[in-house]
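Worksheet: the structure to be examined is printed underneath.
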Amino acid sequence: MKRITIAKGDGIGPEIMNATLKVLNAAGVALEFDEIEIGEKVYLSGNTSGIPEDVWNTIRKNKVFLKAPITTPQGGGYKSLNVTMRKTLGLFANVRPCRSMHPFVATKHPVMDTVIIRENEEDLYAGIEHQQTDEVIQCLKLISRPGCEKIVRYAFEYAKQYGRKKVSCFTKDNIMKQTDGLFHKVFNEVAAEYPEIENEHWIIDIGAAKLADTPEKFDVIVMPNLYGDVLSDIAAQITGSVGLAGSANIGQTCAMFEAIHGSAPDIAGKNMANPSGLINAAIMMLNHIGEGDAAELIQNAWLKTIEDGVHTSDIYKEGVSKIVATTSEFADAIINNLGKKPAKLTPVKFRAEQSFKMPTYQRRKQATKALHGVDVFAHWSGTNPEELATQLLKLEKENIKLQMITNRGVKVWPNGFEETFCTDHWRCRFASMDETPINKSDIVAILAESDKNGIDIVKTENLYSFEGVRGYSLGQGQ
Ligand code: NAD
C-alpha cells in the first residue's frame, strides 16, 4: 500500500483535509498516511522555516506530500515554507490546471482548459540580491540549461500523457537574449523530439494579453519562474474558479500537492470552507502515483456535484446553485456521486497509469571557453561620463581597451547623449579589440590599478565565449 505524507495545516486546513481524506477513502484508494505538523505553531515555536527538522525524514521517505494551507504569522523573519520545500526537495515544476466550470461557476471565459507549467527553482527566485551603490540594487536572474531542459521536457511529457495537443512557451527573449534566449532555444530543441504535439512561442507581454483575452486558444503553457508566478494566478482567476484549483510541485523524486488558496482564517472552524482546491490537488496526486482510475472516479464525481448545484457558500449563486452545502455536506455529495459522470461539463478520462518518469538530466561535455574581457561596475557619483572615461583610460593595457561605459544598460560613452539619466552605477567594459583571449591576471591588474587610482569597483563580470559563441550581451538591448 502506498504511504504518503499529509499535513492538515492551519485555519480551514483541518476541515478541508478531513473532507478530502473522506472522499479518498470512499473512493477505495489504497493509501496510508503519515501526518506531520508544519506551519503556524512551528513558526511561533521559534522555527523560522515552519518545518521541524524531524519531519523532513518523513517527507523524504514517502516522497509524496499532500499539504493543506498554512498560516504564516504576521511580522518579519518567517521564511516561506513553500519556497523552502520547493528548493530543498528539488520540486522544479509547478503545475496548475485552470479550467472554467461554466455555467455553474461565473466566468467571462466559458471555454477555458489550460495548464500552466511554471519553472519553480531558479530565475529571479534564486534570491541573490546585492546593494552595490547608494542608488542601485541588483537581483540576479539565473537561468540554467538543466533548469530549462527539465521544465520544458516535463511540459511536453505532461502534454503527451494527458492527451494535450499544444505546448506554448512564453519568454521575453527579444530583450533578455541570453537568459530567456536559452529557455526559448531549449524549448525549440525539446519540441523537436515531440513532433506529434504542436508548439509555439510568444513574447510574454503579447502572450499574456492573448491568454487573458482568448484563453481557449491555449492548452499547456510553459514559462520561467517569475512569468509563471504571475500568469498562473491570472489564469486561475479568469476561470472564475480560483478557489477550486489545485496545484502540484513536482521534482525528480518528491512531489507536493496543495490547493492554491490560503488558510482562510476568517472562516476557519465554521464548516463552510470549500474543499475543492485540496480535492483537486489530491486528484493530481493520484494521477502522479499511477492511480488514474481513482483520480478519474473522484474528478467526475466532483464535476457532477458542481453541476448538481451543490455549492459551498463561496460559489453559491441564486438561480444556478441548488443547495448551500457545508464542507462536510459537499464531501458527502461527492461520495454519493462516485461512479457518476457530469452531463454538461466534459467528464475527464485519465489513463490508469497516468504517472510518467522524467529522464535524468545528462550534463554535456564542458565547452571550450575563452575570456575576452571584463565588465567592471564602478560606484561613481559624478555626472559626466567623459570624466569617468578619462580616469578609466588610465587602466587600459596594451591588449585590453575600454570599449564602452553604460548606465543601467544605456551607452553613455563614447558618444553618449546628455539627456540620458545616469545613476551612480556604471558598467565599464574592458576587452581585447578583436576578441583575442586575455588572461585572468589582466583582470586582476585592472582591478589593482583601479584601486590605486581611487576608482570604486563594486563588481566584475568576465566576458566569455563558449565554443566560439559570445556569452554576453553587447549592451543597449542588443
Ligand atoms: P486566503 O486564500 O486564505 O483567503 C482569501 C479569501 O478567500 C478569504 O476571504 C477566504 O475566506 C476565502 N477563501 C480561501 N479559501 C477558501 C475556501 N477553500 N473556501 C471558501 N473561501 C475561501 O488568502 P489570505 O487571506 O491572503 O491568506 C490567509 C493565510 O493563508 C495567510 O497566513 C497566508 O500566508 C496563508 N497562505 C497560505 C498558502 C499556502 O499554504 N499554500 C497560500 C496562500 C496564503
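The first residue of the sequence shown is numbered 1, and numbering continues consecutively from there. When a ligand or atom number is given, it counts from 1 through the structure's own listing order. Side chains are part of it too, since the values below use all heavy atoms of this structure and drop only hydrogens, waters and symmetry mates.
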Checklist entry - Quick check, are the ring centers of Phe156 and Phe187 under 6.0 angstrom apart? => result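 Centroid separation for Phe156 and Phe187: below 6.0 Å.
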
Please work out whether any backbone atom (N, CA, C, O) or any side-chain heavy atom from C-beta onward of [X] is under 4.0 Å from ligand 1, and answer side chain, backbone, both or neither.
| X | value |
| --- | --- |
| Glu258 | side chain |
| Asp266 | side chain |
| Thr312 | neither |
| Asp10 | neither |
| Asp314 | side chain |

Close-contact set for ligand 1 against [X] heavy atoms, below 4.0 Å:
| X | answer |
| --- | --- |
| Lys67 | 39 (C), 40 (O), 41 (N) |
| Asn82 | 41 (N) |
| Thr71 | 32 (O) |

Measure the acute angle between the ring planes of Tyr158 and Tyr162, then classify it against the limits of 30° and 60° as parallel, tilted or perpendicular.
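Correct class here is parallel.
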
Open item on the list: Any nitrogen or oxygen of Ile12, side chain or backbone, less than 3.5 Å from one on ligand 1?
Closed with: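 N/O-N/O distance under 3.5 Å: no.
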
#### Entry: Protein non-hydrogen atom below 4.0 angstrom of atom 3 (O) of ligand 1 present
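Yes, because at least one protein heavy atom sits under 4.0 Å from atom 3 (O) of ligand 1.
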
| message | Quick test of your reading of the model: are Glu122 and Lys150 salt-bridged, counting only N-O distances below 4.0 Å? | response |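 No, Glu122 and Lys150 are not salt-bridged.
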
Hey, are Asp180 and Lys141 close enough for a salt bridge, meaning a charged N less than 4.0 Å from a carboxylate O?
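Here Asp180 pairs with Lys141 in a salt bridge, since their nearest N and O are under 4.0 Å apart.
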
Does some non-hydrogen atom of Ala273 fall short of 4.0 Å from ligand 1?
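Under 4.0 Å: yes for Ala273.
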
**Request:** Establish, from distance only, whether the side-chain atoms of Asn82 and Ser80 form a donor-acceptor pair under 3.5 Å.
**Result:**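 Note: Asn82 and Ser80 side chains miss the donor-acceptor criterion.
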
Quiz item: cation-pi between Arg427 and Tyr472, 6.0 Å / 45°
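Negative - Arg427 is either too far from the ring of Tyr472 or too far off its axis.
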
Checklist line | Nearest neighbour of atom 28 (C) of ligand 1 from the list Pro275, Ala68, Pro265, on a heavy-atom basis | finding: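 Considering heavy atoms of Pro275, Ala68, Pro265, the nearest to atom 28 (C) of ligand 1 sits in Pro265.
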
